[in-house]
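Below is one structure, written out as structure tokens; comments come after it.
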Amino acid sequence: QVLLVESGGGLVQAGGSLRLSCAASGRPFGNYAMGWFRQAPGKEREFVAAVSWNGGSKYYADSVKGRFTISRDNAKNTVYLQMNTLKPEDTAVYYCAVHRDRVLYSGNLASANFDSWGQGTQVTVSS
């Protein structure tokens with residue numbers, strides 16, 4: 001069992017930045033890939049970004065490429081999502097999740113491949 005706690009959400013104006021953090025406990029953090037998802041009101045949860053166990057591979061949704069950066073610090077059991085140039089359409093609850101495997105490829109990024117989820121943190125971008 002793993003416990004994930006997200007933080008860093010809030011209200012920001014369009015064009016601003018936020019950094020989300022996700023602290024993990026209860027499982028060897030460095031053994032698994034990690035990801036961020038988001039869910040806006042009335043919409044399905046969608047993939048945002050993921051990072052492999054050692055940070056060597058990173059994947060991003062097309063909608064956030066060039067604006068968001070995922071990173072991890074295995075010594076601190078924490079994964080981050082730096083979000084720059086935020087847009088109103090980035091408004092959502094953001095969730096971090098633990099992948100079932102260490103490695104990532106384009107075919108294993110769906111939410112079904114992640115088996116532990118945080119409670120989420122709200123990000124609101126005003127226009």
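Between the side chain of D101 and the backbone N or O of N113 there is no donor-acceptor pair closer than 3.5 Å. Between the side chain of R45 and the main chain of Y94, no donor-acceptor pair closer than 3.5 Å is present. With hydrogens and angles disregarded, a donor-acceptor distance shorter than 3.5 Å links the side chain of K58 to the backbone of I70. The backbone N or O of T69 sits nowhere less than 3.5 Å from a side-chain atom of Q82 that would complete a donor-acceptor pair. A donor-acceptor contact shorter than 3.5 Å is absent between the side chain of H99 and the backbone of S52. Side chain of R72 to backbone of N77: no donor-acceptor contact under 3.5 angstrom is found. Without hydrogens or angle criteria, N54 side chain to N74 main chain gives no donor-acceptor distance under 3.5 Å. Listed for the S63 side chain is no donor-acceptor partner under 3.5 Å among the backbone atoms of A61.
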- Message: Pair R38, V64 - check side chain to side chain contact (heavy atoms under 4.5 Å, CB included), show working.
- Response: CA-CA 12 Å; R38 67 187 181 186; V64 307; 4.0 Å; yes

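Rounded to the nearest 0.5 Å, atoms CG (L81) and CE (M83) are 5.5 Å apart. Here the straight-line distance linking atom CZ of F47 with atom OG of S111 works out to 11.0 Å at 0.5 Å rounding.
Follow the hydrophobic side-chain contacts under 4.5 Å out from V79 and you never reach L109; the two are in separate clusters. Under the 4.5 Å side-chain heavy-atom criterion for Ile, Leu, Val, Met, Phe, Trp and Tyr, V2 and L104 are members of distinct hydrophobic clusters. The hydrophobic cluster containing V125 also contains Y60, counting ILVMFWY residues as joined when their side-chain heavy atoms lie under 4.5 angstrom apart, directly or transitively. Linking Ile, Leu, Val, Met, Phe, Trp and Tyr whenever their side-chain heavy atoms come within less than 4.5 Å puts V12 and W36 in one cluster. With hydrophobic clusters built from ILVMFWY side chains whose heavy atoms lie under 4.5 angstrom apart, L4 shares a cluster with V48.
Side chains of N84 and S17: a donor-acceptor N/O pair is present below 3.5 angstrom, by distance only. The closest side-chain donor-acceptor pair between T124 and Q122 falls under 3.5 angstrom.
Applying the salt bridge (Lys or Arg N to Asp or Glu O under 4.0 Å) test to R67 and every residue at least two apart in sequence or in another chain returns D90. K65 meets the salt bridge (Lys or Arg N to Asp or Glu O under 4.0 Å) test with D62; sequence neighbours excluded.
Under the 4.5 Å side-chain criterion, counting only non-hydrogen atoms from C-beta, T91 is not in contact with V123. Residues T121 and V93 fail the side-chain proximity criterion, which asks for heavy atoms closer than 4.5 Å. Here the side chains of R19 and Y80 are in contact, with some heavy-atom distance below 4.5 Å. Side-chain atoms of E6 and L20, non-hydrogen and from C-beta on, never get closer than 4.5 Å to each other. Side-chain atoms of W117 and F37, non-hydrogen and from C-beta on, do get closer than 4.5 Å to each other.
Taking every heavy atom of both residues into account, F114 and A110 meet most closely at CD1-O, 3.3 Å. Considering all non-hydrogen atoms of both residues, G118 and Y95 come closest at O-CD2, 3.5 Å. The two atoms that bring S127 and P88 nearest to each other are CB-CG, 3.8 Å, heavy atoms only.
For residues 15-85, every residue pair satisfying the disulfide bond (SG atoms under 2.5 Å apart) rule, not counting sequence neighbours, is listed here: C22-C96.
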